[in-house]
Amino acid sequence: MIYNEIKRNKAIHNYIKAADASLEALGFTEHSFAHVTAVAEKAGYILQTLGYDDRTIELVKIAGYLHDIGNLVNRIEHSQSGAVMAFRILDKLGFPSEEIADIVTAIGNHDEGTGVPVSEFAAALILADKSDVRRNRVRDMKDIAHDIHDRVNYSVTAAELTISDDKKSITLNLTIDTEYSSVMDYFEIFMERMILCRKAAEKLGLQFKLIINELQLL
């Protein structure tokens, strides 16, 4: 089974939709199909660029697509509950145990609260997830002045994650509209994520760089 088949699976579609509905009720930014698709494609890009085989690329894209389904259970420790859900789904679909192990390990380690880049697979998922910062993840502009997460996401007008031609570094390049948020606001809420990205990059043999408004900060 491949990534595009997972995307067409009705049960998975329903789980992602319901998980995002729970986060919307809690006031979180968008975690629906736009987010999980972006994460899947970025994770695939990372491993493809680094020369991994086609099946591994398919599997990391599947991990990216499934990584947030644990929000259906609860936002707290959603990476662990999502890993358990993914195990059940993939086992039922007949995935080999070694492929399930790679996907479940990555999902269970993607969140900055408890996650560790224990494998290259997990590292690619972490980098893909934590780099998805963008204006259209904000659901409601009414409270943007009072919610720093909405304010920071809305301020990001462009974001690009790229691996250098010599495959020695991976760079998150952001353009931030400082009318809505300062660079310091970004670091206030995302510093832990950037540290995790640095560790994930190191697991892949890369140096992590962060550029905001053409200024390299990491």
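Numbers for residues simply follow the sequence, beginning at 1. Below, each value reflects all heavy atoms present in this structure, side chains not excepted, and no hydrogens, waters or symmetry copies.
Between the side chain of Asn109 and the backbone N or O of Val116 there is at least one donor-acceptor pair closer than 3.5 Å. Looking at Glu5, its side chain does come within 3.5 Å of a backbone N or O of Ile2 through a donor-acceptor pair. A donor-acceptor distance shorter than 3.5 angstrom exists from the side chain of Tyr45 to the backbone of Ile163, with no hydrogens or angles considered. For the pair Gln207 (side chain) and Ser169 (backbone), a donor-acceptor distance under 3.5 Å is absent. Put simply, the side chain of Glu30 gets close to the backbone of His35: a donor and an acceptor are under 3.5 Å apart. Side-chain N or O atoms of Thr178 include none that pairs as donor or acceptor with a backbone N or O of Ser182 at under 3.5 Å. One N or O on the side chain of Lys130 and one on the backbone of His110 form a donor-acceptor pair closer than 3.5 Å. Of the possible donor and acceptor atoms, none in the side chain of Glu120 sits under 3.5 Å from a partner among the backbone N and O of Leu204. Thr56 contributes no side-chain N or O that, together with a main-chain N or O of Tyr52, makes up a donor-acceptor pair within less than 3.5 Å.
Side-chain contact between Arg198 and Leu218: absent, with no pair of heavy atoms (C-beta onward) separated by less than 4.5 Å. You'll find the side chain of Lys42 reaches within 4.5 Å of the side chain of Asp132, heavy atoms only. In this structure, Arg8 and Asn4 have side chains that are in contact, with non-hydrogen atoms separated by less than 4.5 Å. Contact check for Gln80 versus Val84: no side-chain heavy atoms found under the 4.5 Å cut-off. With contacts defined as side-chain heavy-atom distances shorter than 4.5 Å, the pair Leu59/Tyr3 does not qualify. For the pair Met191 and Tyr186, the minimum side-chain heavy-atom distance is 4.5 Å or more. Lys209 is not listed as a side-chain neighbour of Ile170, based on a closest heavy-atom distance of 4.5 Å or more. Considering only heavy atoms from C-beta on, Thr105 stays 4.5 Å or farther from Phe121 through its side chain.
Using a cutoff of 4.0 Å between basic side-chain nitrogens and carboxylate oxygens, Asp20 and Arg139 are scored as salt-bridged.
Heavy atoms of other residues, nucleotides or ligands lying less than 6.0 angstrom from CG of Asp140 number more than 12. The number of heavy atoms from other shown groups lying within 6.0 Å of CD (Glu214) does not exceed 12. Enclosure of atom CG in Asp165 is not indicated, since only 12 or fewer non-hydrogen atoms of other residues, nucleotides or ligands lie within 6.0 angstrom.
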Kindly determine whether Tyr154 and Arg134 satisfy side chain to side chain contact (heavy atoms under 4.5 Å, CB included), including the steps that lead there.
CA-CA 6 Å; Tyr154 191 81; Arg134 51 188 161 81; over 6 Å; no
Determine, stepwise, if the pair Val133 / Leu172 fulfils side chain to side chain contact (heavy atoms under 4.5 Å, CB included).
CA-CA 10 Å; Val133 187; Leu172 176 58; 5.6 Å; no
Step-by-step side chain to side chain contact (heavy atoms under 4.5 Å, CB included) determination, Ile46 to Leu161:
CA-CA 9 Å; Ile46 291 168; Leu161 185 71; 4.0 Å; yes
Side chain to side chain contact (heavy atoms under 4.5 Å, CB included) assessment of Leu93 paired with Asn9:
CA-CA 10 Å; Leu93 291 173; Asn9 184 284; 4.0 Å; yes
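When all heavy atoms of Val36 and His31 are compared, the pair lying nearest together is CG1-O, 4.1 Å. Nearest heavy atoms, Asp129 versus Val39: CA-CG2, 3.7 Å. Shown here for Ala122 and Pro117, the closest heavy-atom pair between the two residues is CB-CA, 4.3 Å. Minimum heavy-atom separation, Asn153 to Val138: CB-CG2, 3.8 Å. Counting all heavy atoms, side chain and backbone alike, Gly27 lies closest to Asp147 at O-OD2, 4.3 Å. In terms of heavy-atom proximity, Leu174 sits nearest to Ala159 at CD2-CB, 3.4 Å.
Residues satisfying the ring-ring contact (aromatic ring centres under 6.0 Å, His included) criterion with His149, sequence neighbours excluded, are absent altogether.
Side-chain N/O atoms of Thr114 and Glu77 include no donor and acceptor closer than 3.5 Å. With hydrogens and angles left out, the side-chain atoms of His67 and His78 include no donor and acceptor closer than 3.5 Å.
Put simply, Met184 and Leu217 are part of two different groups of oily side chains (I, L, V, M, F, W, Y) that touch within less than 4.5 Å, one to the next.
Rounded to the nearest 0.5 Å, atoms CZ (Phe190) and CD1 (Ile148) are 9.0 Å apart. Atoms OG and CG, from Ser155 and Asp150 in turn, are 11.0 Å apart once rounded to the nearest 0.5 Å. Separating the CD1 atom in Ile212 from the OG1 atom in Thr175 is a distance of 9.5 Å, to the nearest 0.5 Å. The CE atom of Met1 sits 11.5 Å away from the CD atom of Glu99 when rounded to the nearest 0.5 Å. To the nearest 0.5 angstrom, Met194 atom CE is 10.0 Å from Ile189 atom CD1. Interatomic distance, CD1 of Ile89 versus OH of Tyr15, reported as 5.5 Å (0.5 Å rounding).
Taking the ring axis of Tyr180 as reference, the NZ or CZ atom of Arg135 stays within 45° of it and closer than 6.0 Å to the ring centre.
By the 4.5 Å side-chain criterion applied to Ile, Leu, Val, Met, Phe, Trp and Tyr, Phe28 is assigned to a cluster that also includes Leu23, Leu26.
In summary, of the residues considered (Ile103, Ile107, Val104), a side chain to side chain contact (heavy atoms under 4.5 Å, CB included) with Phe87 occurs for Val104 alone. Screening Thr171, Leu127, Leu196 for a side chain to side chain contact (heavy atoms under 4.5 Å, CB included) involving Phe208 leaves a single residue, Leu127.
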